[in-house]
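Count residues from 1 along the sequence. The figures here come from the full heavy-atom set of this structure, side chains too, leaving out hydrogens, waters and symmetry mates. Everything numeric here is computed off the predicted structure, so don't read it as measured data.
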Amino acid sequence: MSGADVTVLRTPRRRRDASLLTLGLFVAIAAALLPVFSVIAPGPWVAGAVLVTAGVLGAGLLVRLARLPAVLASVAEIVAGVALLTAIFGRTTSLLLVVPTPGTFATVPRLLDAAAEEIRVGVAPVVPETGLAFLLVAAIGGLAIVLDHVVLTARMPLLAGVGLVAVSLIPTIAIPSDVDVVAFVLLAAALLFLLRVDTRARTATETRARSPHLFGVSATALGVAAVAVIVAIVATPLLPQPGLRFATGGTGGVGTTINPNLELGNDLRQPREVDVLTVRTTAPTAPYLRAVTLSTFDGTVWQPDSSDTVPVPADGPVFDAPAVDGDITLADWTTTVTVDQLDSPWLPVPYPASTVSGLTGDWLGMPQNRTVVTRAGSTRDQVYEVQANVPRPTLEQIRSRSTGGPGVDASLSALPADVPAVIGDTAREVTAGAQNPYDQLIALQSWFRGSSFRYSLDAPVDAGFDGAGLDAVADFLQVKAGYCVHYASAFAVMARTLGIPSRIVIGYLPGTASSIPQQGGTEYTVSSSQLHAWPETYFEGIGWVPFEPTNSLGVPTNFASGTTGGGTTAPTTPEEDAAAPEAAPSAAPSQADRGDIDAQGGAGGTVGTRVGTGWVVPVVVLLVLLVAAAAPGTVRSVLRRRRLADARAGDPVAAWTAVREDAVDLGIPAPGAESPRAFAARLVEEHGAEADDVDLLREALERASYAGDAADPARGPALAAAVERVRASLAARVGAGRRARARLLPRALVVRPGAVTTAPDRETVG
């Protein structure tokens, strides 16, 4: 009965095993998809995915229980999947709610386009709308159909397990996080269950005492479990951890995006230079454009801020006017931004924005940090006007202000307990002569921008230096070379050691001024290379004040004295000759300079060639793929050594089974209906096996089967040696390609040879 079609279930045992395999597959798919919740937020789509998966697998099982051919199982599953998808997403255009019409199929491209847009601009974990929900449910249903065929028709549960492990790893690689222990245990248990049911069905005619089982679990299953443990425990911790990432795309309609959810240092890459937006402003100089703020620091990464939001009205203020002391001058400036190749849910706006008008789509403002974000739209092709009321304190006014205040959250000054001593000691040493917080911050800014620091891609970035954590900051202060994230994080942390509230801002440097005069103000072009990070500190009665510590980039903060008649210089509008912007330090480095500067050139490492730890992700992925590729051969090697050990102990059944499995690996059929004598004769006559060795093994098997001879350790070495010689002679008669496949993808793991004894056949499922 070996080789019987699993879809034709003629016995109660076969029907039971098919039902168990279907149940195990359903649980395995569910477990493999649990990590997806780190990328896609749970919602109604989960119920749809469960319904479609259950419906698809159930339809296939019903066909098999009805003893119909295998091809009808796949057809029934496809029909069930389409009907359920129609019931969930296409009711308005269907017949009887489940029968799709041409109008139903016409909606699919629109749903897929909507899904692509959600993926392109969404910020993980994405809350899926109808388009993305359809794509997810349809993809999971398709996966269920494929895996059902692999497990129950092709009888290759091990291959299905490799696929499910790969699916479960994709979200972890995309958005690195801690191992989901529940999902991992559930997936491992489901895969072991599938392998156990399949192995038991295939080897029902083999004596259990002679099977390589441990506590009822097959050696194959244990091998797969071992590989899964290695991948989860060894490889996963090497993957990047949650934090900050800037990502850029190229031209050709992809553009640039800002994604603040992943660690920056693990996703640096070299972008092609593209213009992302243009700015026209009534301010005397181009403003920095803020997109995201990061205030929470756990010692390893800075986390993006999230807070209550308010809708952005079509007209009227989004945020209240800045709450500043009455003696602080406010300058009203208008900035018009035209977005080109920037696809981001975070809107670049000057600080402190009050009114944002002209946006299309649904946008939300975060009053806590005066940033603007969308849940489903994009910045691409937006043209909007921002009214900003910029505080313009004099030097004397800001020197007289304290930092912090009653309304400032204590977390903005918080630091972990294990701050390296070099950070606080250096901060106090650099600011030793300062008489007030502002002078302390100016001293830090000047020190970072001094000649002892170098903005460079060539900094030694091993062992975690390529990041923004405390260890990276400590190393940066020693090496004195790095890019803007190092400067911004070091400045913010050192400010906190001095008791000054601080945070990091992500956005864009001032652009390059156009040589053509524009009505309504000077126009500036901002390129992808000017993506940047800088620190802000809080002054009571003034608000958040930006600083620019990054050596050779941006414009340093500097306030003029109110007693000199020279006016003031606001930190967000540094003094820069608009007619000669190339002379100003805020310009992004040219392509020719990028050998010495991080590959983003002005992005301060925010977007550029990954340095140091940048090799971790591709190497880990490669190792995972190599482990997965080597797993079948490794498991088969373990099984074969176990067979040979039993043969060496004098077990003729183990020796004969080893020969049959070797034959299957090499593509030689070993049907269960064929007697040992017929199989032995075929090996000699058709496949070049040595007659003496084959006869030795066959005779030992027949004596054990008919005469009841017990295992004889004395003849064990001869049996094991005969197995090895038969395998060598069989391999010599096949091509190199088949021998390689026998080692890398051994068929005996999934295509079991027939019964190994002449005892009556028992019920099997294949």
Which label fits Phe476 and His486: parallel for a plane angle under 30°, tilted from 30 to 60°, or perpendicular past 60°? parallel
Sorted by chain and residue number, the side chain to side chain donor-acceptor pair (under 3.5 Å) partners of Thr335 (sequence neighbours excluded) come out as Thr281
For Thr338, all residues meeting side chain to side chain donor-acceptor pair (under 3.5 Å), sequence neighbours excluded: none
Report yes or no: does Thr431 contribute a side-chain atom to a donor-acceptor pair with the main-chain N or O of Ala427 at less than 3.5 Å? yes
For a quick test of reading the model, state the closest non-hydrogen atom pair linking Val312 to Gly365 and the distance between them. CG2-N, 3.8 Å
Any pair with a residue in residues 481-505 that passes salt bridge (Lys or Arg N to Asp or Glu O under 4.0 Å), sequence neighbours left out, goes on the list, sorted by first then second residue, please. Arg503-Glu536
Counting distance only, does the side-chain N/O of Thr379 pair as donor-acceptor with the main-chain N or O of Leu342 below 3.5 Å? yes
At their closest point, which heavy atom of Leu364 faces which heavy atom of Pro311, and how far apart are they? CD2-CA, 3.9 Å
Does Phe319 have any side-chain contact (heavy atoms from CB on, under 4.5 Å) partners at least two apart in sequence or in another chain, and if so, which? Pro367, Arg370, Val372
Test of understanding: with side chain to side chain donor-acceptor pair (under 3.5 Å), list the residues that count as partners of Gln368, not counting sequence neighbours. Ser307
Residues at least two apart in sequence or cross-chain that pass side-chain contact (heavy atoms from CB on, under 4.5 Å) with Gln478, listed by chain then number, are Val422
How would you list all residue pairs meeting side chain to side chain donor-acceptor pair (under 3.5 Å) that involve residues 413-425, not counting sequence neighbours? Asp425-Arg428
Please report the interatomic distance CG(Leu359) to CD(Gln382), rounded to the nearest 0.5 Å. 5.0 Å
For the side chain of Gln530 and the backbone of Pro510, is there at least one donor-acceptor N/O pair under 3.5 Å apart? yes
Tyr538: which residues meet the side-chain contact (heavy atoms from CB on, under 4.5 Å) condition with it, sequence neighbours left out? Val408, Pro501, Trp544
For the backbone of Thr550 and the side chain of Arg449, can you confirm whether one donor and one acceptor N or O come within less than 3.5 Å of each other? yes
Once salt bridge (Lys or Arg N to Asp or Glu O under 4.0 Å) is applied, do any residues pair with Asp327, and if so which ones, sequence neighbours excluded? Arg401
State, without any angle test, whether Trp346 and Thr371 hold a side-chain donor-acceptor pair at a distance under 3.5 Å. no
Is it the case that the side chain of Arg290 and the backbone of Asn369 share a donor-acceptor pair, with hydrogens and angles ignored and the cut-off at 3.5 Å? yes
Just checking, any donor-acceptor pair under 3.5 angstrom between side chains of Thr557 and Glu548? no
Has the side chain of Asn551 got a donor or acceptor atom that lies under 3.5 Å from a matching backbone atom of Gly450? yes
Those residues that, when tested against Asp298, pass salt bridge (Lys or Arg N to Asp or Glu O under 4.0 Å) (two or more places apart): none
Drop me the distance from Phe491's CZ to Ser502's OG, to the nearest 0.5 angstrom. 8.5 Å
Quick one: CG on Leu509 to CG on Leu553, what's the gap to the nearest 0.5 Å? 6.0 Å
Tell me whether Tyr351 contacts the main-chain N or O of Pro546 through its side chain, where contact means a donor paired with an acceptor under 3.5 Å. no
Geometric class of the Trp447/Phe453 ring pair [parallel <30°, tilted 30-60°, perpendicular >60°]: perpendicular
Under the side chain to side chain donor-acceptor pair (under 3.5 Å) rule, collect the residues that match up with Ser354, sequence neighbours excluded. Asn389
Identify, with sequence neighbours excluded, every residue that meets side-chain contact (heavy atoms from CB on, under 4.5 Å) alongside Asp275. Thr525, Ser527
Could you grab the distance from atom CD of Gln397 to atom CD1 of Ile328, nearest 0.5 Å is fine? 4.0 Å
d(Asp439 CG, Ile398 CD1) to nearest 0.5 Å is 10.0 Å
